[in-house]
Peer 1: 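Structure provided below as structure tokens; questions to follow.
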Amino acid sequence: MVPTSSLVIDFETSTPTGKPDFRVDVLERAGWLESGAEVAKWSSCLCPLPNTPYLTGHNLMYDLGILWRLRPSPLQRYDIHDTLALAYGQGEEDLSLKGLMQKYLKVNTDTFPYQRIGVEQAHGQDLWGTQRLFPILRERQRGTCYDIDRALIPALIDCSYRGYEIDPERLEKAIEKAEASCSRAETAFSTLVADTSVLLSRRKVTRKRWPEDTIGLYGDDVVVGDGPTRYRESYGSPGINSPIQLQRYFDVPSVDKIFLQLLAAKEGPKALAAFLRQQWVAADKLLDTYFYPNRGKDQLTGLFNITPTEDMEGGAGTGRLSSERSNMQNQAPAMERCLRAPKGFLILRGDYSQIELRGSAEISGDEGMLTALADPNRDLHQEAADRFFGGNRKRGKVFNFRELYICGPEVKVAYPGFYAWAERHWLEVQRTGVSVGPEPFLHRRPIPLLGGDHARRQAINHPPQNLAVYITKAAMVRLFRAGWMLVNQVHDAIHAYIPEDDNVPLRKAQFREIMEETAREYLPRLGASVEVKCSKYWSEEDLL
DNA sequence: CGTACGAGCGCG
DNA sequence: AAAGCGCGCTCGTACG
């Protein structure tokens, strides 16, 4: 229950990077309101702030993140409440304190508080609002999603500070390789297309900057158009880095991965050009997104979001986490090979197997899915892969998810139980405008019904994705409470550090047991098996 | 020069 | 007829 001593806190900070980041932001004023107190207090430092583990706030991921940095103490000790997390799990459209105060307290706060009522009053107003809002939202809460989220917040602060160590030698080697691949593709490409010519660019020319009134050649360029707007065009051979020039060269509407894959498998100069573009894109993506930004850094850390911010930036609608600056959830294998545990530690990582499919089966009760997934010798992704893609499991997996969430005639035939559930769920979402996730979490996601078909697919996708991630979240909470040193979460995978002189097989078994036990609790019919690996680097041969 | 936006792509 | 969902980051492109 809520301890009567819970302290409402709200910190005012400055953001040297421009974007709020509790790992580096500077505390300007700490404000707090003791329960039952008549007036809020504030201080420019943390010294007078009561040192209690019972805290309440609006977005405590941020304030506790600051507090922990300035006044370190074990994050496991905190028992926090967060009106932002409450509002998020309840499917509120407007997560801002101001909006919630208007809606539930019927209090209109000033739009420009700092100019009109001064910083002290504005600060006190927010503290007062949070204190009054909390019991109202808490009373409305159904399901356990909020209790999992609030318990997870300290764990995610921990993760946001920890990160991986970057191996500079491996990174430099990887850069060398990718740069070579890039320039090889680039030179071969430019030789290949040297004598072709396409429209390179077309830019609007304003009337006063027209070259006299000429139409036709203008330097190397051409001026076209006869109306009030004219364009200056240039021509030449396409650049390997220019999507629009390549569209003209290949004469297609899009030069994405699928198109390149199909064309590269054929014969002739255009097939070779497609192949070179493939090589270049892959290497360039690695360099620009993964390698160069981390060059010279000794750590890769990310800022985890459990909800969107007050202005609905970041976070995920389905209950998933997100990570930014850096994104820890989309690292490429080539980068994973450069990421390692700090000296004296190893990385332990547990992956749930087919957790989202298992969730879909449990939610819908579809007999075919349940029996297929209950048989450890069957693999639905592999079955689809064998049927359609010559055993390519990755493509089989893509196919399964596509069909499932399109949820059309194919699924009605293959998985009638799932289809029936989806129809019922979609009707309910259309009636209420909200998708309510599965028991016992009851996470609510607002669905914008104007989205047409997209809305239907969002609605059908939400419960399975939500169930999968709350199982992972619940497992993280248990691991965190059991003292595991968490590093990262990638939707259905959890990473932790262990001392390198630890009993690795034992630790792997303990990790697996906590994750599998959690899955059994929420997926009573199927459970979900967990593969646990341990190594110095994220991507490396498993130890033992 | 800075800004906005869509496309593309990394991961689940 | 055609159609997954969920993220964050970077680029090219166009414009003022």
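Nothing here was measured: the structure is a model prediction, and the numbers come from that model. Each chain gets a letter, A, B and so on, in the order the sequences are listed, and its residues count up from 1. The figures that follow rest on heavy atoms only: side chains count, while hydrogens, waters and symmetry mates do not.
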Peer 1: Of the listed nucleotides (C:dG12, C:dG6, B:dC11), which one gets closest to any side-chain atom of A:Pro243?
Peer 2: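 My answer, after comparing the listed nucleotides, is C:dG12.
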
Peer 1: Considering only residues two or more places apart or on different chains, which pairs with a residue in residues 429-450 of chain A satisfy ring pair (Phe, Tyr, Trp, His ring centres under 6.0 Å)?
Peer 2: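 For residues 429-450 of chain A, and leaving out neighbouring residues, the ring pair (Phe, Tyr, Trp, His ring centres under 6.0 Å) pairs sorted by first residue read A:Tyr88-A:His443, A:Phe441-A:Tyr470, A:Phe441-A:Tyr522, A:His443-A:His462, A:His443-A:Tyr470.
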
Peer 1: Among side-chain atoms of A:Thr472 and A:Asp492, is any donor-acceptor pair under 3.5 angstrom?
Peer 2: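 On atom types as modelled, these side chains do not qualify, holding no pair under 3.5 Å.
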
Peer 1: Taking donor-acceptor contacts at under 3.5 Å, does the side chain of A:Asn327 reach the base of C:dG8?
Peer 2: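 No such pair is found, so the answer is no.
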
Peer 1: Would you indicate, yes or no, if C:dG8 has its OP1 or OP2 atom less than 4.0 angstrom from a side-chain nitrogen or oxygen of A:Ser322?
Peer 2: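 For C:dG8, OP1/OP2 do have a side-chain N/O of A:Ser322 under 4.0 Å.
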
Peer 1: A:Glu324 side chain: which of C:dG8, B:dG8, C:dG4 is closest?
Peer 2: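 The nucleotide sitting nearest to the side chain is C:dG8.
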
Peer 1: Would you mind reading off the distance between A:Gln329 atom CD and C:dG6 atom C1', rounded to a whole angstrom?
Peer 2: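 Whole-Å distance recorded here is 10 Å.
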
Peer 1: Taking CG from A:Asn488 and C1' from B:dC11, how many angstroms apart are they, rounded to a whole number?
Peer 2: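 For the pair A:Asn488 CG and B:dC11 C1', the rounded distance is 11 Å.
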
Peer 1: Indicate, yes or no, whether a donor-acceptor pair under 3.5 Å links the base of B:dC9 to the side chain of A:Lys285.
Peer 2: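 Flag set: donor-acceptor pair detected.
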
Peer 1: Kindly point out which of C:dA14, C:dG8, B:dC9 is positioned nearest to the side chain of A:Ser201?
Peer 2: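 Closest of the options to the side chain of A:Ser201: C:dA14.
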
Peer 1: Would you confirm whether A:Thr289, through its side chain, and A:Leu286, through its main-chain N or O, come within 3.5 Å as a donor-acceptor pair?
Peer 2: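 Side chain of A:Thr289 to backbone of A:Leu286, a donor-acceptor pair under 3.5 Å: no, none is there.
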
Peer 1: In whole angstroms, how far is the C1' atom of C:dG6 from the CD1 atom of A:Ile460?
Peer 2: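 Computing the A:Ile460:CD1 to C:dG6:C1' distance gives 15 Å.
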
Peer 1: So, is A:Asn330 close to the B:dC9 phosphate, meaning a side-chain N or O under 4.0 Å from OP1 or OP2?
Peer 2: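 Looking at the OP1 and OP2 atoms of B:dC9, neither is under 4.0 Å from any side-chain N or O of A:Asn330.
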
Peer 1: I want to confirm an ordering. Mapping A:Pro409 and A:Gln458 to their closest nucleotides on DNA chain C, which one lands closer to the 5' end?
Peer 2: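 Result: A:Pro409.
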
Peer 1: Roughly how many Å is it from CH2 in A:Trp280 to C1' in C:dT10, rounded to a whole number?
Peer 2: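 From A:Trp280 CH2 to C:dT10 C1': 10 Å.
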
Peer 1: To the side chain of A:Arg203, which of B:dG10, C:dG12, C:dC15 is closest?
Peer 2: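 Between B:dG10, C:dG12, C:dC15, the one nearest the side chain of A:Arg203 would be C:dC15.
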
Peer 1: Counting any heavy atom closer than 4.0 Å, what does A:Pro293 reach on the DNA or RNA strands: base, sugar-phosphate only, or nothing?
Peer 2: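 Sugar-phosphate contact only - A:Pro293 comes under 4.0 Å of backbone atoms but never of a base.
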
Peer 1: Before you tell me yes or no, could you show the steps for A:Trp538 and A:Tyr164 under ring-ring contact (aromatic ring centres under 6.0 Å, His included), namely the whole-Å CA-CA distance, both residues' side-chain angles and the distance that decides it to 0.1 Å?
Peer 2: CA-CA 9 Å; A:Trp538 177 341; A:Tyr164 302 100; 5.1 Å; yes

Peer 1: Hey, does the side chain of A:Ser254 come within less than 4.0 Å of B:dG8's phosphate (OP1/OP2), counting only N and O?
Peer 2: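 True: A:Ser254 side-chain N/O within range (under 4.0 Å) of B:dG8 OP1/OP2.
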
Peer 1: Could one point to a donor on the side chain of A:Arg325 or the base of C:dG8 with an acceptor on the other under 3.5 Å away?
Peer 2: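 No, the side chain and the base share no sub-3.5 Å donor-acceptor pair.
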
Peer 1: Considering every strand and a 4.0 Å limit on heavy-atom distances, what is the contact class for A:Leu286: base, sugar-phosphate, or nothing?
Peer 2: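 Nothing, no nucleic acid heavy atom in range.
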
Peer 1: Is the shortest side-chain N/O distance from A:Ser242 to OP1 or OP2 of C:dT13 below 4.0 Å?
Peer 2: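 Affirmative; the distance criterion is met.
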
Peer 1: Kindly say if A:Arg456 contacts the phosphate of C:dG4, meaning a side-chain N or O under 4.0 Å from OP1 or OP2.
Peer 2: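 A:Arg456 to C:dG4 OP1/OP2: no side-chain N or O under 4.0 Å.
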
Peer 1: Who does C:dA3 pair with, Watson-Crick or G-U, both distances under 3.5 Å?
Peer 2: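 Checking every strand shown, C:dA3 finds no partner, since no pair has both distances under 3.5 Å.
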
Peer 1: Between A:Arg248 and A:Leu199, is there a donor-acceptor pair closer than 3.5 Å when you use the side chain of the first and the backbone of the second?
Peer 2: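 Yes: the side chain of A:Arg248 pairs with the backbone of A:Leu199.
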
Peer 1: B:dG10, C:dG6, C:dG4: which one has an atom nearest the side-chain heavy atoms of A:Pro333?
Peer 2: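 Of B:dG10, C:dG6, C:dG4, B:dG10 is nearest to the side chain of A:Pro333.
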
Peer 1: My understanding is that only residues two or more places apart in sequence, or in another chain, count here; which of them pass side-chain hydrogen bond (donor to acceptor under 3.5 Å, both in side chains) with A:Gln329?
Peer 2: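 Result, side-chain hydrogen bond (donor to acceptor under 3.5 Å, both in side chains) vs A:Gln329: A:Gln489.
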
Peer 1: Check whether the side chain of A:Arg457 and the base of C:dG4 form a donor-acceptor pair under 3.5 Å.
Peer 2: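 Flag unset: no donor-acceptor pair detected.
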
Peer 1: Is it true that the NZ or CZ of A:Arg170 lies under 6.0 Å from the centre of A:Tyr537's six-membered ring and within 45 degrees of the ring axis?
Peer 2: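 Yes.
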
Peer 1: Taking a pair as Watson-Crick or G-U wobble with both distances under 3.5 Å, which nucleotide is matched to B:dC9?
Peer 2: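 B:dC9 is paired, partner C:dG8.
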
Peer 1: What is the distance, rounded to the nearest whole Å, between atom CG of A:Leu260 and atom P of B:dA7?
Peer 2: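 Taking atom P of B:dA7 as the reference, CG of A:Leu260 is at 16 Å.
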
Peer 1: Send over the distance from A:Trp426 CH2 to C:dA3 P, rounded to a whole Å.
Peer 2: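 Going from A:Trp426 (CH2) to C:dA3 (P), I get 19 Å.
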
Peer 1: Looking at the base of C:dC5, is there any donor atom on it, or on the side chain of A:Gln465, that sits under 3.5 Å from an acceptor on the other one?
Peer 2: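 Indeed there is one.
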
Peer 1: Measure from the side chain of A:Ile244, starting at C-beta and using heavy atoms only, and say which of C:dA14, B:dG10, B:dC9 lies closest.
Peer 2: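 When the side chain of A:Ile244 is considered, C:dA14 is the closest of C:dA14, B:dG10, B:dC9.
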
Peer 1: Below the 4.0 Å mark, does C:dG6 have OP1 or OP2 next to a side-chain nitrogen or oxygen of A:His454?
Peer 2: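 Result: yes.
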
Peer 1: Tell me what A:Gly408 touches on the nucleic acid: a base, only sugar-phosphate, or nothing, going by heavy atoms under 4.0 Å.
Peer 2: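 The answer is nothing, as A:Gly408 stays clear of every strand by at least 4.0 Å.
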
